Amino acid sequence: MRRIIGVQIGTVASILFGLLCLFPMPAESNPVNIAIVPYSFGDHPAGGIARFNVSIANHWNQTVVIKDVQTSCGCTSAKPARWKISPHGKDQLAVRVDGLLVGGTFHGTVLVVGKMAATVPVAWRIDLTGTFVTAGNGFVPDPRMIHLGYPRPGEKMVQMVNLRRNGLPPIGPVTVTTTVPWITVTKDQQRSTNTNFEYKVVIRPPFIVGRFRQEILFQGNNAADMLRIPIFGHTLPVIGIFPDKVLLMPGQQVYPLEVIPPADSHATLKGYHLKESGIKILSVRQSKKLINGKPAIDIRTMSVGTGFISAKVFLRFKHWKKPVQVVFVGIGQ
């Protein structure tokens, strides 16, 4: 069972999670003390909940205070028994995984973030694996969830979904409904067989900025033939900068940002002001190059702090009433 990791960088744990997943660094140059803990929780019935404990050890000579715990998907949760681990001591992490209603192999991640002394970050990355076994011949979809990332309001996105039964018997009649009208599902008759149905899913997020979660519902002949595919996303503003949150690596200097101007308007940079902590903004300038056919802004930065560093840049554009905020976060050396 594949899980798509959405990187959130609003918390300390999310910053580290993005660094681990997007920009892996050699151990000898990594400023963060990271322990990787592989853990298999075995076989569990599909549709049930797997509960188990994972041990994490403090291999360092200082007490570690746990600050945050993050998981790679909403079906997984974890909580430590103690939020402070003595030098060379251990803690038990109580983990809960919701097996949903379909079988398959599960891969997930739990990130536990702590600190030694004042500023030294510590992290345990727990790589979870296991199998949820389906006893019956219920529906099995591919993919099991749809994560849209950061679309723009009204942007058209297309996703193919395959539906079959566990063991590949004939599927039978299926009724498909969605929780909102801006998600439509159409069966591809040419690519479908009696044991595999192919569906074309067209998604147009509404003109509302923010996070959303909707579902596609598949209903078969029997009452037990009910399957839900969740759809996640976070719409970006039509007027603004993409991305509006930037994860900086040590030594990174220039980050190009795509400007998303409103219709019949100009994206001319007028000025900026900032709030910084550990990140120095050297220059902010209008780029001569385009990104995706749109204007771009180059921001040159320099790390001047250690541990967790951040900066907020407020960009002012001509003909735009409000400044646009861009957040830079990272780990300084």
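The shown structure was predicted, so the numbers you read here are calculated from the model rather than taken from an experiment. Reckoned from all heavy atoms, side chains included, excluding hydrogens, waters and symmetry mates.
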Could you tell me which non-hydrogen atom of [X] sits nearest to which non-hydrogen atom of [Y], and how far apart they are?
| X | Y | answer |
| --- | --- | --- |
| K156 | V202 | CE-CG1, 3.9 Å |
| K90 | S55 | CD-OG, 3.8 Å |
| A78 | V69 | O-CG1, 3.7 Å |
| N53 | Y39 | O-OH, 3.4 Å |
| D188 | M160 | OD2-CE, 4.5 Å |
| K280 | E276 | CA-OE1, 3.6 Å |

### Message
Closer than 4.0 angstrom, basic N to acidic O: yes or no for D142 and R164?
### Response
no

### Query
Could E215 and R213 be called an ion pair, given the rule that one side-chain N must be under 4.0 Å from one carboxylate O?
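Yes.
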
Side chains of [X] and [Y]: does their closest heavy-atom pair fall under 4.5 Å?
| X | Y | value |
| --- | --- | --- |
| V64 | W124 | yes |
| V246 | I299 | no |
| V54 | F41 | no |
| Y255 | V326 | no |
| P80 | V112 | no |
| T179 | L217 | yes |
| V65 | K84 | yes |
| P323 | L315 | no |

So how far is it from [X] [atom1] to [Y] [atom2], rounded to the nearest 0.5 Å?
| X | Y | atom1 | atom2 | answer |
| --- | --- | --- | --- | --- |
| L282 | T301 | CG | OG1 | 7.0 Å |
| L269 | R316 | CG | CZ | 8.5 Å |
| K270 | K318 | NZ | NZ | 8.5 Å |
| I229 | T178 | CD1 | OG1 | 12.0 Å |
| K67 | W83 | NZ | CH2 | 10.5 Å |
| I49 | H44 | CD1 | NE2 | 11.5 Å |

[X] side chain to [Y] main-chain N or O, any donor-acceptor pair under 3.5 Å?
| X | Y | value |
| --- | --- | --- |
| R96 | R51 | no |
| N194 | P170 | no |
| Q219 | D225 | yes |
| S72 | T109 | yes |
| T71 | V110 | no |
| D91 | R82 | yes |

Under a single-linkage definition using a 4.5 Å side-chain heavy-atom cutoff for Ile, Leu, Val, Met, Phe, Trp and Tyr, are [X] and [Y] assigned to the same hydrophobic cluster?
| X | Y | result |
| --- | --- | --- |
| F314 | F328 | no |
| I203 | V180 | yes |
| W182 | V201 | yes |

### Task
Assess whether side chain to side chain contact (heavy atoms under 4.5 Å, CB included) is satisfied between V158 and K200, documenting all intermediate values.
CA-CA 7 Å; V158 178; K200 180 181 180 181; 3.8 Å; yes

### Message
For a side chain to side chain contact (heavy atoms under 4.5 Å, CB included) check, start with the C-alpha distance between Q286 and I297, then their side-chain angles and the critical distance, and finish with the verdict.
### Response
CA-CA 5 Å; Q286 197 103 19; I297 298 293; 3.9 Å; yes

### Task
Take I56 and Q92, measure what side chain to side chain contact (heavy atoms under 4.5 Å, CB included) needs, and give me the verdict at the end.
CA-CA 6 Å; I56 56 175; Q92 290 290 322; over 6 Å; no

### Query
Taking the six-membered ring where the residue is Trp, are the ring centres of F197 and F218 under 6.0 Å apart?
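For F197 and F218, the ring centres are not under 6.0 Å apart.
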
#### Entry: Verdict with reasoning, L248 to S303, per side chain to side chain contact (heavy atoms under 4.5 Å, CB included)
CA-CA 9 Å; L248 284 176; S303 173; over 6 Å; no

### Query
For R300, does the CZ atom sit with more than 12 other heavy atoms under 6.0 Å from it, leaving out its own atoms?
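Count not over threshold, so no.
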
